[in-house]
Amino acid sequence: MIGYYLFLVFEKIVMILPRFMRKALFIGLANFAYLIDKKHRRVILQNLHFAMGQSCTAQEEEQISRYCYHNLLLNLLQIIENRTISKEEIGNRVTIENLAIVDAAKATGRPIIFTTAHFGNWELGGATISTQIMPIHVAHKALKNPYFEQYLHQARSRLDMNLVEKRGAVKQLAKALKAGEAISLLTDQNTSERDGIIVNFFGKTARQTAAPAFLARKYDALILPVYISTEDEEHYTLRFYEAIEVSKTDDAKADILEATQKQANLLELVIAENPKFWFWCHRRWKTEHPEIYR
């Protein structure tokens, strides 16, 4: 509890500062974390070498590694700012591309599943969808500290996001889809053998959640991939991609695998185009290739 109240004091000090000073503070913290956190620096390089081979120079690898910390701290800052940011300010900071894809999906009257990743400012991306497009239900792994968990709920719920506890989330997400409401899922993290299916990701086998494809097939929903990026970390672009339609043949497993692989293929292309924005410090291939992290 003491740690939480100290954090609230820190939050108040941060929010008094002009935004450029807030950003500078968090970038400084990111640089410090990069220097002392050898464990995750190693994971980033292990992932880069496994996924990209020798295509990156040592300088590029260092830039990507540093930006991973940089981007993570900017997402933490975004959570803090989301406690007070207005919907209008979000609209001014983010340009939405390919909105016609969303409009076409809405016109069908079918429920929508937004799929995204820990890419760019994903906290701002989620807030943009919920405030500028439509309210969403978001699967979320509860924090161990109940005070910080409540803090996160407050930051997101005021922006029309309904957090759903990840454990047992399928039932609540299904309820939302049956009511014609939208849900949003992050699909880029490793899963256990029980919870994921094998896809090809950067030419390597990886476990990925099948939840979007499973739910879309069962509840006749459309999957809309969406990712956020930036050129200057002041103005952002939220880009929607063509809807993924899940087939309904006699082979449900094949239908779900096909749609899940399409999601993996698109994310791979998005990452390859701008690798620094992805969350490389996560052990993405741990279930299928644990040897690369030893």
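Keep in mind that the numbers below use all heavy atoms, side chains included, and drop hydrogens, waters and symmetry copies.
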* Asked: Do you see a donor-acceptor pair shorter than 3.5 Å between the side chains of Thr249 and Asp255?
  -> yes

* Asked: Heavy atoms, side chains only, cut-off 4.5 Å: are Glu11 and Tyr151 in contact?
  -> yes

* Asked: Distance under 6.0 Å and angle within 45° of the ring axis: does Arg41 meet both against Tyr34?
  -> yes

* **Aromatic plane relationship, Phe201 with Trp278 - under 30° parallel, 30 to 60° tilted, over 60° perpendicular** => perpendicular

* Test item: side-chain donor near acceptor, Tyr4 and Asn145, under 3.5 Å -> no

* **Backbone N/O of Asp220 and side chain of Arg110: donor-acceptor pair under 3.5 Å** => yes

* **Met134 side chain near Ile112 side chain, heavy-atom distance below 4.5 Å** => yes

Using residues 170-184 as the side-chain source, report each donor-acceptor pair under 3.5 Å to any protein atom, sequence neighbours left out, with the distance given to one decimal.
residue: Glu181; atom: OE1; partner: His137; partner atom: NE2; Å: 2.7

* To do: State, with a plain yes or no, whether a side-chain heavy atom of Arg22 is found less than 4.5 Å away from one of Ile80.
  => no

* Please determine, by modelled atom types, if Glu88 and Asn92 share a side-chain donor-acceptor pair under 3.5 angstrom. => no

* Does Tyr241 reach the main-chain N or O of Ile101 with its side chain, forming a donor-acceptor pair under 3.5 Å? -> no

* How would you list, by chain and number, every residue that makes a side chain to side chain donor-acceptor pair (under 3.5 Å) with Thr205, sequence neighbours excluded? -> His289

* **Side chain to side chain, Asn162 and Pro135, heavy atoms closer than 4.5 Å** => no

* **Approximate separation, where rounding is to 0.5 Å, of Leu152 CG and Gln154 CD** => 10.0 Å

* Structure fact -> Between the CG atom in Leu267 and the CZ atom in Phe119, the distance rounded to the nearest 0.5 Å is 8.0 Å

* Neighbour count above 12 (heavy atom, 6.0 Å) for Lys141 NZ -> no

* **Sub-4.5 Å side-chain heavy-atom contact between Phe114 and Phe240** => yes

* **Cationic N near anionic O, under 4.0 Å, Glu60 to Lys276** => no

* Would you call His70 and Glu233 a side-chain contact if the rule is heavy atoms closer than 4.5 Å? -> yes

* Does a side-chain heavy-atom distance below 4.5 Å link Trp122 with Asn71? -> yes

* Asked: Given side chains that start at C-beta, do those of Trp280 and Leu48 come closer than 4.5 Å, heavy atoms only?
  -> yes

